[in-house]
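Report on the following structure.
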Amino acid sequence: MQTLSLSAALCRVTTSITWADSLKNGTARKILIIVFWLLLWQGASALVHNSILLAGPYESLLALCSLAVTSKFWLSILFTFLKITLGFVLGLITGILCACLSYRFKLFREFITPPISVIKSIPVASFVIIVIIWAGASSLATVISALVVFPMIYHNMLSGLEATGSSLIEMGRLFRFRFIDKARYIYFPQVLSHLHSAVLISSGMAFKSGIAAEVIGRPLQSIGNGLYLSKISLATADLFAWTFCAVILAYLFEKAVSLILKRLSAA
Amino acid sequence: MKIILKNICKSYNGRKVIDNLSYEFTPDKPVVIEGGSGIGKTTLLRIIMGLEKPDSGEVVFEGVSHEAVRFAPVFQNTRLIDKLDAPANVRLAAREISGDAVRAALIALIPKEELGKKVRDLSGGTQRRVEIVRAVLAPSDVIIMDEPLTGLDEGNARRAVAYIKENMEGRILITSSHSDLFEAFCETLLLK
């Protein structure tokens with residue numbers, strides 16, 4: 001009996017220590033902070049008392065649940081995700097290729113600099129309208145996210161190549177390293193450090209701009225279309241639910257990209 | 001094959017580093033370039049490898065076109081792929097040579113237990129010896145070594161020089177060094 005009560009007391013002490021530690025610097029504190037903001041949001045929506053102006057977290061959760069039981073919701077998420085991912089990959093590949101060509105051929109760099117400056121300075125909304133006219137709304141998210149990603153990757157890749165130490169380049173050239181070895185062991189480590197943050201930032205930008213383009217172009221079965229429909233029906237809870245999905249999607253995508261980059265750095 | 005320097009001149013910031021130098025390098029006559037610091041030894045080696053251009057004069061490669069000449073250098077500063085181990089570094093430059101042969105060559109100069117470490121974790125002296133093995137094993141016509149014995153103690157320096165001497169295999173050897181170990185079998189080119 002005594003042993004049992006002693007172990008129960010020990011268990012209580014251990015639990016309280018773990019909770020205190022967690023509160024100090026761990027998960028518990030993060031959860032409490034999130035709960036605080038959710039309560040503040042709920043309080044504000046109760047105060048406003050108008051679900052069109054400000055839907056609360058509870059209403060938004062209900063809206064999300066009612067959306068989640070429809071196949072249209074999941075198809076919208078899937079198509080938006082696939083289209084933006086494709087755009088991101090296209091922007092990444094073309095940015096890397098063009099940067100390599102610019103690094104190797106000065107004339108190519110001179111040719112490509114004006115269009116890249118134009119891409120960077122034209123507002124996304126203008127591009128959206130041009131793409132709708134030329135290619136229709138279905139490929140909109142892909143083209144726009146590619147156009148947003150491309151210049152960022154191009155510039156960072158090029159600066160990574162240019163920052164590669166001439167001493168290792170000379171060594172690789174004199175020992176006649178194979179192209180693949182030069183790329184892997186001399187250029188890649190330098191380029192990766194330059195590309196790392198650009199890839200992470202542009203992955204987030206791809207989702208933001210891709211979904212913004214969908215709101216303008218309203219392709220069927222897309223998050224952007226869902227957001228637009230929420231707007232015209234003044235369904236703020238639905239708007240928040242769609243936004244929540246977009247944020248989670250972008251977050252998961254960024255995490256996946258970050259994981260791939262970590263693997264590449266370790267290789 | 002023969003390398004002929006014809007009236008080479010090179011200046012930096014108005015200061016003449018190499019003044020009207022003419023010389024011949026052949027496989028049967030290894031050469032050690034000597035002279036004080038900043039006298040132009042590294043510059044001369046870089047000119048021979050085509051990494052720098054002389055202000056005037058020319059480097060002639062007799063019996064082979066300039067583009068076809070294969071150099072195997074040990075640079076003044078360490079140039080290895082940090083994240084690879086010593087055998088992998090050597091094999092990048094000497095792909096035709098088997099892994100066993102590369103390891104056997106490395107063991108002649110560095111402790112066996114160092115072979116599996118990434119070169120960034122090796123001491124400066126050990127890295128230098130890896131570079132020496134790489135330059136010797138890489139297929140080449142000309143071995144160029146800029147102060148290859150930097151960071152080596154007397155015993156390791158002796159072993160390194162003996163290894164270089166035994167494995168020149170009819171190639172041109174041009175080295176710069178403050179050590180008298182090369183003088184025993186090399187002709188001295190003194191820069192002033």
Side-chain angles (χ1 to χ4, degrees), chain A residues 92 96 99-109 153 156-200 257-267, chain B residues 42-43 45-53 66-97 102 118-120 127-128 130-146 148 171-172 174:
Chain A
L92 188 73
I96 288 172
C100 291
L101 289 171
S102 287
Y103 176 70
R104 184 73 185 78
F105 306 107
K106 202 170 167 236
L107 189 65
F108 181 84
R109 185 189 298 205
I153 298 298
N156 282 279
M157 176 80 188
L158 190 56
S159 58
L161 287 170
E162 284 177 336
T164 305
S166 61
S167 60
L168 281 183
I169 296 172
E170 276 179 357
M171 184 272 286
R173 184 155 63 87
L174 286 178
F175 279 116
R176 301 193 178 182
F177 277 21
R178 289 180 302 181
F179 172 77
I180 186 79
D181 291 334
K182 270 195 268 191
R184 184 173 173 190
Y185 296 114
I186 295 176
Y187 288 102
F188 187 68
Q190 189 66 41
V191 160
L192 196 63
S193 65
H194 275 75
L195 267 187
H196 195 276
S197 55
V199 169
L200 285 182
V257 169
S258 171
L259 199 71
I260 293 169
L261 287 171
K262 261 187 197 161
R263 290 262 166 94
L264 285 173
S265 303
Chain B
T42 298
T43 303
L45 294 176
R46 289 179 63 80
I47 287 173
I48 293 169
M49 288 189 281
L51 299 175
E52 281 183 40
K53 282 190 165 38
H66 190 168
E67 293 73 31
V69 180
R70 291 172 307 173
F71 293 99
V74 171
F75 292 95
Q76 190 179 37
N77 54 340
T78 305
R79 299 187 192 187
L80 293 166
I81 306 296
D82 279 356
K83 65 177 183 181
L84 295 180
D85 60 19
N89 263 284
V90 175
R91 288 210 72 196
L92 278 178
R95 290 187 302 279
E96 300 82 358
I97 298 174
V102 167
K118 289 178 178 172
V119 291
R120 65 167 165 243
Q127 289 179 351
R128 207 66 183 149
V130 173
E131 291 193 300
I132 290 171
V133 172
R134 179 177 66 180
V136 169
L137 288 190
S140 65
D141 306 298
V142 187
I143 299 174
I144 290 197
M145 295 183 168
D146 195 352
R171 293 176 285 182
I172 292 177
I174 310 170

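This one's a predicted model, so the numbers in the text were calculated from it and none came from an experiment. Quick note on labels: first sequence line is chain A, next is B, and so on, each numbered from 1.
With values rounded to the nearest 0.5 angstrom, A:Ser193 atom OG is found 11.5 Å from A:Leu261 atom CG.
With a 4.5 angstrom heavy-atom cutoff, B:Phe71 touches chain A via backbone and side-chain atoms both. Of the two parts of B:Leu84, only the side chain, counted from C-beta on, holds a non-hydrogen atom closer than 4.5 Å to a non-hydrogen atom of chain A. At a 4.5 Å heavy-atom cutoff, the contact between B:Val69 and chain A is made by backbone atoms alone. When heavy atoms are compared at a cutoff of 4.5 Å, A:Arg173 approaches chain B solely by way of its side chain, counted from C-beta outward. Residue B:Arg46 touches chain A through its side chain alone, counting heavy-atom pairs closer than 4.5 Å. Residue B:Ala72 touches chain A through both its backbone and its side chain, counting heavy-atom pairs closer than 4.5 Å.
Chain A forms the most heavy-atom pairs under 4.5 Å with one residue out of B:Leu80, B:Leu92, B:Asp82, and that residue is B:Leu92.
In this structure, B:Arg79 and B:Arg134 approach most closely via the heavy-atom pair O-NH2, 2.8 Å. Among all heavy-atom pairs drawn from B:Ala135 and B:Ile143, the shortest one is O-CG1, 4.1 Å. Closest approach of B:Val119 and B:Gln127 over heavy atoms only: O-NE2, 2.7 Å. When all heavy atoms are compared, the tightest approach of A:Arg184 to A:Pro189 is O-CD, 3.4 Å.
The shortest side-chain heavy-atom distance between A:Leu174 and B:Phe75 falls under the 4.5 Å cut-off.
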